[in-house]
Number of protein chains: 2
Amino acid sequence: MNIGEVSKRANLPAKTIRYYEDVGLISPERRENGYREFGEVELNKLVFIGHARALGFGMSECRDLLALYEDDARESAEVKKIARNHLVQIEEKIADLQRMHGTLSDLISACAGDERPNCPILNQLSAS
Amino acid sequence: MNIGEVSKRANLPAKTIRYYEDVGLISPERRENGYREFGEVELNKLVFIGHARALGFGMSECRDLLALYEDDARESAEVKKIARNHLVQIEEKIADLQRMHGTLSDLISACAGDERPNCPILNQLSAS
DNA sequence: CTTGACCTTCCAGTCACTGGAACCCCTATC
DNA sequence: GATAGGGGTTCCAGTGACTGGAAGGTCAAG
């Protein structure tokens, strides 16, 4: 399988797949002409990484998850630990964004949004 | 005022203030010895930028807000428009994160998290 | 006169790609 | 055989918003 085919099947840009090779997540074979040759194993890894990235896992977490995925003697506790840590990060980000959302929507409500210069949003931003 | 003093007062790292000068958000005077000299105007701008960044506005939005802040003939409608656009971005990010949170917490619940290798989290990630 | 805190510039690294240039390979058609 | 196109390859640079560190200049106190 060429990179174009695996790109479609894993739903990842070819550039991204080359990048994943660069950083050592995958190691596809090479043909005589220099083209990468992907087998089912590499495709599965790419699908796996794509899903993990879509859940917001960082590259180092993907690396760890991939290692566990390939380790028949893994303990599911290890996977769960990584997932729970990530869940906490997500919750912190959501909390941050919700705090911003609350403040900002209050300010937007307070702003007339007309042709006059007076603006509670700017007032709040410049308040010390 | 030296950069250290303004750093404390605006609650921004000195490195960040220098960076803001690099990208043209502020233009403090220079003393004979090469040190930056900050006045109240520059301090106010930095406080303003700090608050805008804390609400998640990007640098180009900060630039636009700062220009409006300094424009006596502004219309609050312009400020409100920028703020509303940003609010939408925040809402999209929250929605993304909540989707991840939902999927991930379901998977975590389904995972025994013990010494056995079977793991619904890995199963889901590798599913095509 | 030295110490230490503060200031300066510049370069490199972060994260996870992404865009572009320049070039090679393979197949099909004229 | 020439050519056109749609693959593929490498390498370099840029993104956003800083951040760390090195190497060195400045200033006030003891």
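In what follows, every chain begins at residue 1, and chains take the letters A, B, ... in the order their sequences are listed.
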Exercise for the section: State whether A/Thr16 places a side-chain N or O below 4.0 Å from either non-bridging phosphate oxygen (OP1 or OP2) of C/dA16. Expected result: no
Practice task
Nearest whole angstrom, please: distance from the C1' of C/dC17 to the OH of A/Tyr20.
Solution key: 8 Å
Practice task
In whole angstrom, give the distance that lies between atom CD of A/Glu32 and atom P of C/dC24.
Solution key: 18 Å
Name each donor-acceptor pair under 3.5 Å that joins a side chain in residues 1-9 of chain B to protein atoms two or more places apart or in another chain, with its distance.
| residue | atom | partner | partner atom | Å |
| --- | --- | --- | --- | --- |
| B/Asn2 | OD1 | B/Arg31 | NH1 | 3.3 |
| B/Asn2 | OD1 | B/Arg31 | NH2 | 2.7 |
| B/Glu5 | OE2 | B/Arg9 | NE | 3.3 |
| B/Ser7 | OG | B/Leu12 | O | 2.6 |

Exercise for the section: Inspect the surroundings of CG in A/Asn85 and state if more than 12 heavy atoms from other residues, nucleotides or ligands are less than 6.0 Å away. Expected result: yes
Suppose we screen for side-chain hydrogen bond (donor to acceptor under 3.5 Å, both in side chains). Which residues come up paired with [X], at least two apart in sequence or across chains?
X	result
A/Arg53	none
A/Thr16	none
B/Arg84	none

Practice task
Output the residues of residues 47-64 of chain A in contact with DNA chain D, where contact means a heavy atom of the residue under 4.0 Å from an atom of the strand; sort by number or write none.
Solution key: none
Exercise for the section: Mind running a 4.0 Å heavy-atom check of residues 82-101 of chain B against DNA chain D and sending the residues that fall below it, in number order? Expected result: none
Taking the side chain as everything from C-beta on, heavy atoms only, tell me whether [X] gets closer than 4.5 Å to [Y].
X	Y	value
B/Glu29	B/Glu42	no
A/Ser76	B/Asp114	yes
A/Asn118	A/Asn123	yes

Distance-only criterion, 3.5 Å: show the donor-acceptor pairs between side-chain atoms of residues 90-103 of chain A and protein atoms not counting sequence neighbours.
| residue | atom | partner | partner atom | Å |
| --- | --- | --- | --- | --- |
| A/Glu91 | OE2 | B/His101 | NE2 | 2.7 |
| A/His101 | NE2 | B/Glu91 | OE2 | 2.7 |
| A/Thr103 | OG1 | A/Arg99 | O | 3.1 |

Less than 3.5 Å apart, which donor and acceptor atoms pair up between the side chains of residues 54-64 of chain A and the rest of the protein, not counting sequence neighbours?
| residue | atom | partner | partner atom | Å |
| --- | --- | --- | --- | --- |
| A/Glu61 | OE1 | A/Gly58 | N | 2.7 |
| A/Arg63 | NH1 | A/Val23 | O | 2.9 |
| A/Arg63 | NH2 | A/Val23 | O | 3.4 |

Handout entry: From CD1 (B/Ile17) to CD1 (B/Ile26), nearest 0.5 Å
Key = 6.5 Å
Fill in the blank from the handout: When rounded to the nearest 0.5 Å, the distance separating CD1 of B/Ile121 from CG of B/Asp106 is 11.0 Å
Problem - Set of ring pair (Phe, Tyr, Trp, His ring centres under 6.0 Å) partners for B/Tyr69, sequence neighbours left out - result: B/Phe48
Fill in the blank from the handout: Each nucleotide of nucleotides 2-8 of chain C classed B (base within 4.0 Å of a protein heavy atom), S (only sugar-phosphate) or -, in 5' to 3' order, makes ----BSB
Handout entry: Five-pair end axes of the helix from C/dC1-D/dG30 to C/dC30-D/dG1 and the angle they enclose, rounded to 10°
Key = 30°
Practice task
Give me the first and last nucleotide of DNA chain D, going 5' to 3', that has any atom under 4.0 Å from a heavy atom of chain A.
Solution key: D/dG7 to D/dC11
Practice task
Look at B/Arg36 together with B/Glu21 and state whether they make a salt bridge at an N to O cut-off of under 4.0 Å.
Solution key: yes
Problem - hydrophobic_cluster_shared for A/Leu46 and A/Tyr35, side chain cutoff 4.5 Å - result: no
